[in-house]
Amino acid sequence: MGRKVVEHSQVTIRNGEDRNDLEEWKESISLRNISKLILPPLGASSDNLQNQNQSKGRVIIPMDSRYRWWEFLMVLMVAYTAWVYPFEIAFLKAAPGRGLYIADNVVDLFFAIDIVLTFFVAYIDPTTHLLVRDSRKMALRYLSTWFLMDVASTIPFEAIGYIFTHNRKIGLSYCILGLLRFWRLRKVKQLFTRLEKDIRFSYFWIRCARLLSVTLFLVHCAGCLYYLLADLYPHQGRTWIGSVIPNFREANLWARYISALYWSITTMTTVGYGDLHAVNTREMIFNIFYMLFNLGLTAYLIGNMTNLVVEGTRRTMEFRNSIQAASNFVSRNHLPPRLKEQILAYMILRFRAESLNQQQLIEQLPKSICKGICEHLFLPTVKRVYLFKDVSKEILLILVSKIKAEYIPPREDVIMQNEAPDDVYIVVSGEVEIIHCETEKEQTMGTLITGDIFGEVGALCSRPQSFTYRTKALSQLLRLKTCDLIEIMQTKQEDNVVILKNFLQHYKELKHFSIKDSLIVNGEDNEDLNLSSSLLNAANAGNAAFLDELLKAGMDPDTRDATGRTPLHIAASKGHEDCVLVLLKHSCTLNIQDMDGNTPLWYSISSRHHSIFRILYHCASISDPHVAGDLLCLAAKRNDVPTMKQLVKQGLNVSSKNQQQLTALEIAIAENNADMINLLVTSGAKTEKLYQNGSPQVTPDEMTQNECQWNKSNDALRVSIYKGHPIGRSTASCNEAGRVIKLPKSMKELKIISGEKLGFNATNVYITNENGAKIDSMDVIRDNDKLFIVEDDNL
């Protein structure tokens with residue numbers, strides 16, 4: 001399965017494996033190295049990274065602290081070169097000092113060594129963002145980029161000239177070639193760029209130092225060049241410095257250099273010339289171009305300072321501000337060092353991931369292109385997951401289109417123990433530890449690597465996680481929402497079954513037991529907590545395939561919840577017919593009652609799931625002849641008229657008896673439920689057995705007055721009479737019950753009896769049917785008709 005330790009359901013405490021969290025954290029990662037982490041590309045597995053990054057020969061890692069110190073030393077030497085070379089050209093043109101001459105060649109030697117070392121320095125591929133450590137690739141990259149310029153900037157042209165001419169005087173040709181040394185300035189730029197992103201240093205002061213360095217370098221170079229113009233001019237007195245200092249060549253070196261810097265700064269800041277100004281044509285031409293250059297430089301400096309002060313290079317400043325806020329929060333609340341390290345590591349990693357702008361770019365593209373990208377990046381990894389083995393490509397493509405890639409820093413808890421996760425994770429690169437937490441101790445149960453999945457138990461079984469999943473190294477994870485996984489599984493029934501079989505088979509292999517045994521924690525069977533909820537949740541979600549697999553694994557189909565409901569109760573109430581059929585196939589109990597006395601049959605008919613009711617009624621009636629009577633009597637006892645109507649519509653005999661040999665009508669009379677009595681009688685309930693030998697079996701106190709007027713025989717027609725027009729009764733709030741009477745022989749007698757029963761004057765009434773049609777003849781009235789007696793003042 002790709003795991004280093006696959007038995008992550010086994011929670012056996014190992015001797016000697018208790019660890020100090022803080023020490024382990026410090027060993028695995030330090031805050032200083034967070035900024036040096038290399039984010040792997042989306043979809044790149046640990047195996048691919050390892051294969052691509054195998055070292056061949058001697059390799060120098062650019063993030064190594066020793067190489068960082070070497071780079072800093074080279075920056076100091078670049079600073080020396082940038083100051084000394086223009087100074088030598090301008091002020092020491094005739095013959096540089098012997099000490100400077102030796103120092104220049106020593107610096108060139110160091111840069112030559114740096115060229116050799118660069119052949120062995122690993123680099124980050126700009127396309128894959130991987131650290132390339134192949135010696136051949138490193139050498140080819142260097143040879144094809146900066147090698148020639150680095151060599152040209154390191155050649156000691158003055159020393160070569162001295163060998164050929166035996167004269168240390170610097171000629172014009174050597175001066176021009178020496179300008180190549182300024183190529184080394186790129187090392188200073190790289191240093192400042194790296195320091196600006198290092199949270200150990202203040203971004204504001206690093207940025208100011210960078211701008212100040214640029215300004216001083218340009219002032220120095222311009223001053224040296226301007227002095228060189230005066231030195232080369234044939235008329236010494238007609239120069240900017242000669243007009244102020246006659247015989248300036250014999251003047252003190254320091255005074256000449258300060259005068260050149262003074263001119264350069266006053267010209268750059270546009271303060272004006274005053275005592276130092278252009279005298280001859282050459283100087284004027286130079287000043288024109290220098291001040292034009294200063295326009296751009298000034299704009300650059302002002303723009304950068306404005307950006308620094310007002311906006312502060314927005315994104316970097318926001319990042320550093322968030323880091324500062326996090327540090328203040330940690331200090332103010334006295335959080336332990338480990339939490340501080342985790343918070344800062346997460347924020348830095350998020351900043352690095354956002355800079356790649358990968359997920360935002362994918363979301364901006366059309367759906368078809370996004371699917372193609374996800375298929376290329378994630379499909380190879382998803383195929384390796386045990387849960388999706390032998391699943392159709394159609395489902396796999398839907399899965400990868402719903403997946404999102406995330407970078408998680410080391411020692412980050414992705415899923416907590418006893419947490420009900422909303423997501424399922426797949427490991428693409430890095431490592432994730434499985435940790436069991438008991439009181440204050442933690443035991444590592446295993447390690448997940450590329451192609452492993454976690455969180456699927458909580459998703460499929462709808463139960464809290466048994467372990468904590470914590471990243472061991474910088475990890476790339478694919479996140480899939482639980483609801484999306486369940487929805488995709490239900491898209492295709494065949495693949496749904498395959499996924500569930502893979503899930504159950506995997507846990508069987510881990511412990512060579514059924515799934516029931518694989519979810520035992522610390523020797524205690526948590527079936528009531530975990531497995532029962534799995535069955536009940538599968539029935540509630542309508543996941544018939546998973547329900548079937550669980551029952552095949554030996555689960556009890558009559559498992560109850562806290563209210564006494566079984567999976568059959570839940571499936572019948574929710575209308576999941578497939579789940580009902582699965583439960584019936586595994587011999588569940590049909591007439592089992594919950595704490596409220598409700599059976600699955602009752603839930604199905606009260607919820608209007610008629611197809612399920614017919615299935616359950618058919619199965620129950622085979623073994624229980626009183627099932628109809630039990631349902632009818634329960635509805636009569638509860639005076640549940642709507643459910644009684646549904647039972648009658650399903651064709652149940654309203655005179656059926658329950659286990660106590662009572663009918664629904666007898667119970668309705670005993671409970672004095674007038675509406676229910678009326679419904680049962682009008683639905684054909686038999687009443688002749690309510691009287692035997694001329695005396696009622698139910699006393700008058702247990703019956704309403706109109707019920708005592710029923711005929712003792714069943715040979716006469718019976719009708720129900722109501723007061724008021726049928727339309728008026730349906731729209732108005734009329735709750736007055738009707739009466740069941742024996743149909744008389746004439747309309748006159750019917751009106752008189754109706755007046756007596758309903759309490760109105762029988763001389764000014766007329767009779768209608770349910771539709772409001774007026775009845776004028778007794779011949780159109782049938783048994784069990786509903787008649788409405790309407791008062792009319794016009795009659």
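These numbers come from a predicted model, not from an experiment.
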Counting C-beta onward and ignoring hydrogens, is there a side-chain heavy-atom pair between Tyr469 and Asp413 closer than 4.5 Å? no
Is any side-chain heavy atom of Arg608 less than 4.5 Å from a side-chain heavy atom of Gln646? yes
What are the two closest heavy atoms between Ser621 and Val627, and how far apart are they? CA-CG1, 3.8 Å
Would you find more than 12 non-hydrogen atoms of other residues, nucleotides or ligands less than 6.0 Å from His610 atom NE2? yes
Can you name the nearest heavy-atom pair linking Asp423 to Ile415, along with the distance? O-CD1, 4.2 Å
Shortest non-hydrogen contact from Val427 to Ile449? CB-O, 3.3 Å
Quick test of your reading of the model: are Arg560 and Asp594 salt-bridged, counting only N-O distances below 4.0 Å? no
With no hydrogens and no angle check, do the side chains of Gln660 and Asn658 hold a donor and an acceptor under 3.5 Å apart? yes
Residue pair Asp783 / Arg718, side-chain heavy-atom distance below 4.5 Å: yes
Short side-chain donor-acceptor distance under 3.5 Å, Thr471 and Glu431: no
Heavy-atom distance under 4.5 Å between the side chains of Ser656 and Thr663, does that happen here? no
May I ask you to decide whether Glu433 forms a salt bridge with Arg470, counting only side-chain N to carboxylate O separations under 4.0 Å? no
When you look at Tyr407 and Leu477, which way does the side chain to side chain contact (heavy atoms under 4.5 Å, CB included) test go after all the steps? CA-CA 6 Å; Tyr407 295 103; Leu477 305 179; over 6 Å; no
How about NZ on Lys389, more than 12 heavy atoms from neighbouring residues, nucleotides or ligands closer than 6.0 Å, or not? no
